[in-house]
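Step one of this worksheet: look at the structure below.
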Amino acid sequence: EPEVTQTPSHQVTQMGQEVILRCVPISNHLYFYWYRQILGQKVEFLVSFYNNEISEKSEIFDDQFSVERPDGSNFTLKIRSTKLEDSAMYFCASSDGALPNQPQHFGDGTRLSIL
Amino acid sequence: DQQVKQNSPSLSVQEGRISILNCDYTNSMFDYFLWYKKYPAEGPTFLISISSIKDKNEDGRFTVFLNKSAKHLSLHIVPSQPGDSAVYFCAASLYNFNKFYFGSGTKLNVKP
């Protein structure tokens with residue numbers, strides 16, 4: 001069964017540095033998402049992306065964050081000037097349509113540790 | 001942002017019995033609700049969903065009930081199996097399905 005893959009599984013970065021989290025969504029999917037889960041807290045929506053543009057974003061997704069689909073297969077999340085509070089699990093998800101019987105498929109996440 | 005709440009952080013059930021996981025929401029505009037299961041070190045996996053026009057959806061051992069007047073949904077697992085032990089998240093979205101709001105999760109432990 002096709003799956004969403006995320007790399008790396010664990011990223012350690014010095015505070016203030018930029019980090020890029022990578023995701024390869026399921027190939028025929030059209031909608032892409034990033035979520036994060038701070039340790040012990042709920043899964044939080046960050047951004048959704050469709051037709052090469054952001055369709056929704058949360059209040060968390062400020063100018064520090066950006067997303068890109070640089071080619072036909074990758075979907076990236078860039079975090080600039082990382083802060084300690086950016087430490088979390090970041091999940092990428094994709095779906096093939098905004099329809100009830102086509103739910104999101106999640107990757108296994110990237111654990112981001114900011115030192 | 002507490003639009004979706006799961007007030008029970010954990011639940012322990014004997015194998016073979018029913019597990020009932022609860023979820024409350026505040027936004028009456030939510031149009032679609034989902035349950036996800038999450039094992040450690042893995043991403044959430046879709047389990048079952050329900051549209052706001054229904055009050056029940058069943059898929060094998062899993063049934064989701066929606067009470068719109070109470071803004072409450074629940075997931076029933078019957079019979080519960082040890083492999084069901086995981087964290088269960090409920091989530092809700094508006095009509096456009098572009099943004100999902102997750103609850104904080106309930107950790108289910110099914111004892112053999």
Side-chain angles (χ1 to χ4, degrees), chain A residues 1 3-7 9-10 21 23-26 29-51 53-61 67 88-111, chain B residues 1-10 23-27 29-54 57-59 62 64 66 73 86-107:
Chain A
E1 184 176 329
E3 55 184 31
V4 176
T5 56
Q6 290 185 243
T7 56
S9 57
H10 190 192
L21 308 181
C23 170
V24 179
I26 295 173
H29 282 186
L30 303 174
Y31 293 79
F32 313 109
Y33 310 82
W34 282 102
Y35 292 83
R36 78 174 185 191
Q37 185 181 25
I38 296 171
L39 185 64
Q41 298 186 22
K42 65 168 67 177
V43 175
E44 299 174 293
F45 170 82
L46 291 178
V47 66
S48 60
F49 191 87
Y50 170 72
N51 200 25
E53 61 183 23
I54 290 173
S55 46
E56 288 274 357
K57 60 182 181 179
S58 72
E59 56 278 2
I60 302 169
F61 194 89
V67 289
M89 283 291 290
Y90 287 81
F91 294 103
C92 172
S94 69
S95 70
D96 60 1
L99 295 172
N101 60 343
Q102 295 167 342
Q104 299 171 345
H105 297 257
F106 283 79
D108 287 342
T110 292
R111 179 172 298 283
Chain B
D1 182 347
Q2 293 287 313
Q3 297 200 51
V4 179
K5 294 181 188 178
Q6 293 175 258
N7 292 319
S8 298
S10 64
C23 180
D24 297 293
Y25 62 95
T26 57
N27 191 341
M29 298 300 290
F30 284 142
D31 202 45
Y32 192 60
F33 304 89
L34 310 92
W35 283 95
Y36 285 86
K37 179 168 76 171
K38 185 182 181 301
Y39 294 116
E42 293 184 12
T45 302
F46 171 75
L47 205 55
I48 192 169
S49 63
I50 189 166
S51 164
S52 62
I53 62 172
K54 294 188 173 183
N57 188 26
E58 192 171 352
D59 183 3
F62 302 92
V64 56
L66 175 63
L73 67 155
V87 177
Y88 289 78
F89 293 96
C90 68
S93 78
L94 301 171
Y95 69 94
N96 61 6
F97 310 113
N98 273 333
K99 184 175 181 179
F100 287 79
Y101 299 83
F102 278 75
S104 53
T106 296
K107 185 174 184 179

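These numbers were taken from a predicted model, which means no experiment stands behind them. Within every chain, numbering begins at 1; the chains are lettered A, B, ... in the order of the sequence lines, protein sequences first and strands thereafter. These numbers come from the heavy atoms of this one structure, side chains and all, not from hydrogens, waters or symmetry mates.
- Relative orientation of the F106(A) and Y35(A) rings is tilted, given thresholds of 30° and 60° on the angle between their planes.
- With a 4.5 angstrom heavy-atom cutoff, Y39(B) does not touch chain A via any of its atoms.
- Ring geometry, F33(B) versus Y25(B): the interplanar angle falls from 30° to 60°, so the pair is classed tilted.
- With a 4.5 Å cut-off on non-hydrogen atoms, Q37(A) touches chain B through its side chain but not through its backbone.
- Using the six-membered ring where Trp is involved, Y31(A) and Y33(A) have ring planes that are parallel, under 30° apart on the 30 and 60° scheme.
- A search for side chain to side chain contact (heavy atoms under 4.5 Å, CB included) contacts involving T45(B) returns nothing, not counting sequence neighbours.
- There is no contact between F49(A) and chain B, counting heavy-atom distances below 4.5 Å.
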